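The next block holds one structure in the form of structure tokens; read it before the comments.
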Amino acid sequence: MPIDDTAAIRISAFDNVPPFARGLVRDLRVRWALEEIGRDYGLHYLDAMKPKPPEYRDWQPFGQVPAFDDGQVRLFESGAILLYLGEQDERLLPRDPAQRWAATSWLLAALNSVEPALIQIVNLDFFLAGQPWAADAQPVFVDMARGKLKSTEAALGEREWFAGPFSIADIMMTCVLRNIDHTDVLSAYPALAAFKARAEARPAFQRALADQLAGFREPA
Ligand SMILES: N[C@@H](CCC(=O)N[C@@H](CS)C(=O)NCC(=O)O)C(=O)O
């Protein structure tokens with residue numbers, strides 16, 4: 001059980017989010033990476049529904065989660081945190097330069113190319129659903145997402161993982177794809193859906209997810 005309040009590593013997380021966000025909050029990416037390498041961590045909980053304490057912005061300038069502190073460095077941005085952990089353990093980031101940079105490319109592609117396209121659907125379906133233009137915008141956003149998913153699936157081809165062995169690229173891509181779990185959009189990309197299912201079947205993912213869900217104060 002890597003949650004240990006005496007651990008050197010501390011990450012920030014929410015203990016209260018709306019039901020649709022449970023299992024999707026981005027501290028999951030960090031918890032999963034830590035589970036993969038069996039490293040303990042403690043939690044700094046915040047309430048997503050309330051203003052963040054001003055001093056928290058010294059740690060995470062946008063008042064968001066996750067932020068990370070291991071006593072050596074304090075950092076924020078889930079991608080930066082995964083790269084930092086990958087630097088320390090080849091089970092997260094291969095040492096072979098070609099694989100290492102492929103994994104880095106795919107981690108950034110998940111964050112910068114795929115996630116922005118998928119997040120538009122999340123924003124529309126959950127935050128902007130009441131807007132009079134929402135129904136017209138939905139197919140446009142879904143089309144944009146489909147373009148990115150098609151390219152991502154083509155690039156994955158028949159490989160098991162994005163960059164050789166399992167890596168932080170696969171953690172990031174899986175978490176990004178989970179953003180549209182409330183839709184059936186991914187089902188049109190069976191190889192990508194199978195990749196996601198393979199990643200989610202990993203015991204480390206299952207433990208990280210269960211721990212995030214257990215950390216919410218109110219049951220969904
Ligand atoms: N680019 C950041 C995004 C972090 C982010 O969006 N966190 C969300 C939770 S998943 C958050 O804290 N939302 C509350 C807010 O923006 O105030 C990362 O990947 O770490």
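Atoms within a ligand are numbered from 1 in the order they appear, just like the ligands themselves. What you see is a predicted model, and the numbers here were worked out from it, not measured in a lab.
Protein residues with a heavy atom under 4.0 Å from ligand 1 are F14, V25, R26, R29, K52, Q64, V65, P66, E77, S78.
In this structure, R202 is positioned above the aromatic face of F166, its NZ or CZ under 6.0 Å from the six-membered ring centre and within 45° of the axis. Relative to the ring axis of W161, R198 places its NZ or CZ within 45° and under 6.0 Å from the centre. Cation-pi geometry between R22 and F216 is met: under 6.0 angstrom from the ring centre, within 45 degrees of the axis.
Under 3.5 Å, the side chains of Y84 and Q88 contain a donor-acceptor pair of N or O atoms. Between S78 and R29, the side chains place a donor N or O and an acceptor N or O closer than 3.5 Å (distance only, hydrogens not considered).
To the nearest 0.5 Å, atom CD1 of residue I9 and atom CZ of residue F68 are 4.0 Å apart.
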